[in-house]
Colleague: 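Attaching a single structure in structure tokens format; questions to follow.
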Amino acid sequence: MPIKLTKAEQTRRTRRAILDRARYLFATKGYAATGTEEIISELGITRGALYHQFNDKLGVFKAVIVEAYGEITDYIQAKVEPLDTNWQRLVVGCQAFLEVAHQDELRRLVFIEAPAVLAADDLTEIDQYGFALLHEAIQVAVAEGDLCTINAEGFAHLVNGSLNDLAAWVAQSNDPNQLETAKALVAILLERHRS
């Protein structure tokens, strides 16, 4: 006898199915070429179920991007966790962000589709946690005497902006040398401000 799912579990599973299907389509076809009917057609759910969960296609896309940014944060955390010093974590964390721009699915979702679809304010809000981690690492570097800057928050914005532009540059190329160049550039930027 099949187990009867609770309403909450049914809702959670429907949401997950929509996100997984939408993510695949957005990453392979792009936002503009993906319709809501295509998202739900293989899932056996109604358009109303999609709208109940996300309001519209843009809502689905934003939810996909929020999850993608969470994966980026997890990737960076895994790269920096074994390192001994805050300075190493700062440099490697910045470089790890650039590595994501070379990973096929995340590359298209985060660095190509998201800037074309979402407003700058939305992207800033979605990246709030990642920026907070960068800002914290820079504040610690200043406090530990590793980084010389006139303002830690301003420097965090400078580095964040540089990372986002470099990541877009890397994402638009299949040349692995471009990724290595971007990683070297961010390391040089940080090293030039090292105390």
Side-chain angles (χ1 to χ4, degrees), residues 19 23 26-27 31 61-195:
L19 285 171
R23 178 178 174 141
F26 294 146
Y31 178 83
F61 184 73
K62 282 169 95 170
V64 166
I65 297 303
V66 166
E67 285 191 350
Y69 269 82
E71 290 172 31
I72 292 170
T73 301
D74 291 346
Y75 178 80
I76 293 168
Q77 295 284 37
K79 287 282 208 168
V80 303
E81 194 173 292
L83 301 174
D84 295 329
T85 68
N86 179 70
W87 183 259
Q88 290 172 320
R89 287 189 289 276
L90 175 60
V91 174
V92 170
C94 290
Q95 292 174 328
F97 178 77
L98 296 171
E99 290 169 5
V100 172
H102 220 255
Q103 297 172 3
D104 285 336
E105 189 179 275
L106 287 173
R107 159 207 220 159
R108 176 143 192 200
L109 286 171
V110 173
F111 302 107
I112 296 171
E113 294 295 325
V117 175
L118 299 176
D121 288 349
D122 289 332
L123 287 173
T124 299
E125 183 182 327
I126 291 168
D127 189 32
Q128 206 170 20
Y129 180 68
F131 176 77
L133 292 175
L134 174 64
H135 184 202
E136 181 183 345
I138 287 171
Q139 285 178 310
V140 171
V142 170
E144 291 179 348
D146 287 331
L147 185 67
C148 180
T149 181
I150 59 172
N151 184 280
E153 183 179 1
F155 191 75
H157 282 284
L158 172 75
V159 173
N160 194 54
S162 298
L163 286 172
N164 285 323
D165 276 356
L166 281 171
W169 183 62
V170 168
Q172 294 166 13
S173 171
N174 289 320
D175 182 359
N177 292 327
Q178 204 149 310
L179 170 60
E180 293 310 313
T181 300
K183 287 168 68 174
L185 286 168
V186 77
I188 291 166
L189 171 67
L190 293 170
E191 198 61 44
R192 291 239 166 113
H193 290 85
R194 193 163 187 188
S195 300

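We're numbering straight along the sequence, starting at 1. Excluded from the calculations below are hydrogen atoms, water molecules and symmetry mates; all remaining heavy atoms, backbone and side chain alike, are included.
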Colleague: Checking side-chain contact (heavy atoms from CB on, under 4.5 Å) for the pair I65/L118: CA distance, chi angles, key distance, verdict?
Modeller: CA-CA 10 Å; I65 297 303; L118 299 176; 4.3 Å; yes
Colleague: Show the nearest heavy-atom pair for residues I112 and A171, with the distance to one decimal.
Modeller: CD1-O, 4.0 Å
Colleague: Looking only at heavy atoms, what is the nearest atom pair of G145 and S195, with distance?
Modeller: O-CB, 2.9 Å
Colleague: Does H193 reach the main-chain N or O of L189 with its side chain, forming a donor-acceptor pair under 3.5 Å?
Modeller: yes
Colleague: To the nearest 0.5 Å, how far apart are NZ in K79 and CD in E99?
Modeller: 4.0 Å
Colleague: Could you tell me whether the side chain of Q95 and the main chain of K183 form a donor-acceptor pair under 3.5 Å?
Modeller: yes
Colleague: Sequence neighbours left out, what passes salt bridge (Lys or Arg N to Asp or Glu O under 4.0 Å) with D104? Give chain and number order.
Modeller: R107
Colleague: Just wondering, do V110 and I72 contact through their side chains at under 4.5 Å, heavy atoms?
Modeller: yes
Colleague: Scan L166, L163, V92 and name whichever one has a side chain to side chain contact (heavy atoms under 4.5 Å, CB included) with F97.
Modeller: L163
Colleague: In Å, rounded to the nearest 0.5 Å, how long is the span from CD1 of I138 to NE2 of H157?
Modeller: 9.5 Å
Colleague: To the nearest 0.5 Å, what is the distance between CG (L190) and CG (L185)?
Modeller: 11.0 Å
Colleague: Any idea which heavy atoms bring A182 and V170 closest together, and the distance?
Modeller: CB-CG2, 3.6 Å
Colleague: Given E144, which of V140, L147, V142 fulfils the side chain to side chain contact (heavy atoms under 4.5 Å, CB included) condition?
Modeller: V140
Colleague: Could you check whether any side-chain heavy atom of N86 comes within less than 4.5 Å of a side-chain heavy atom of D146, counting everything from C-beta outward?
Modeller: no
Colleague: Run the side-chain contact (heavy atoms from CB on, under 4.5 Å) check on D165 and W169 step by step: do they pass?
Modeller: CA-CA 6 Å; D165 276 356; W169 183 62; over 6 Å; no
Colleague: side-chain contact (heavy atoms from CB on, under 4.5 Å), that's the test. Do L179 and S173 meet it? Break it down for me.
Modeller: CA-CA 9 Å; L179 170 60; S173 171; over 6 Å; no
Colleague: Shortest non-hydrogen contact from A167 to A101?
Modeller: O-CB, 3.3 Å
Colleague: With rounding to the nearest 0.5 Å, note down the distance linking CZ in F111 to CD in Q103.
Modeller: 9.0 Å
Colleague: Judged by atom type as modelled, is there a donor-acceptor pair below 3.5 Å linking the side chain of E105 to the main-chain atoms of A27?
Modeller: no
Colleague: Hey, is the main chain of L83 close enough, under 3.5 Å, to the side chain of R89 for a donor-acceptor pair?
Modeller: yes
Colleague: Does CD belonging to E191 count more than 12 external heavy atoms closer than 6.0 Å?
Modeller: yes
Colleague: Please table the atom pairs, donor to acceptor, closer than 3.5 Å between any side-chain atom in residues 119-133 and protein atoms at least two apart or in another chain.
Modeller:
unit_1: T124; atom_1: OG1; unit_2: A120; atom_2: O; d: 3.0

Colleague: Could you check Q77 against T73 for side-chain contact (heavy atoms from CB on, under 4.5 Å), going step by step and ending with a plain yes or no?
Modeller: CA-CA 6 Å; Q77 295 284 37; T73 301; 4.2 Å; yes
Colleague: Could you grab the distance from atom OH of Y31 to atom CG of L109, nearest 0.5 Å is fine?
Modeller: 13.0 Å
Colleague: Kindly give the heavy-atom pair with the smallest separation between C94 and V186, and that separation in Å.
Modeller: CB-CG2, 4.0 Å
Colleague: Looking at side-chain heavy atoms only, is the closest gap between L134 and L90 below 4.5 Å?
Modeller: yes
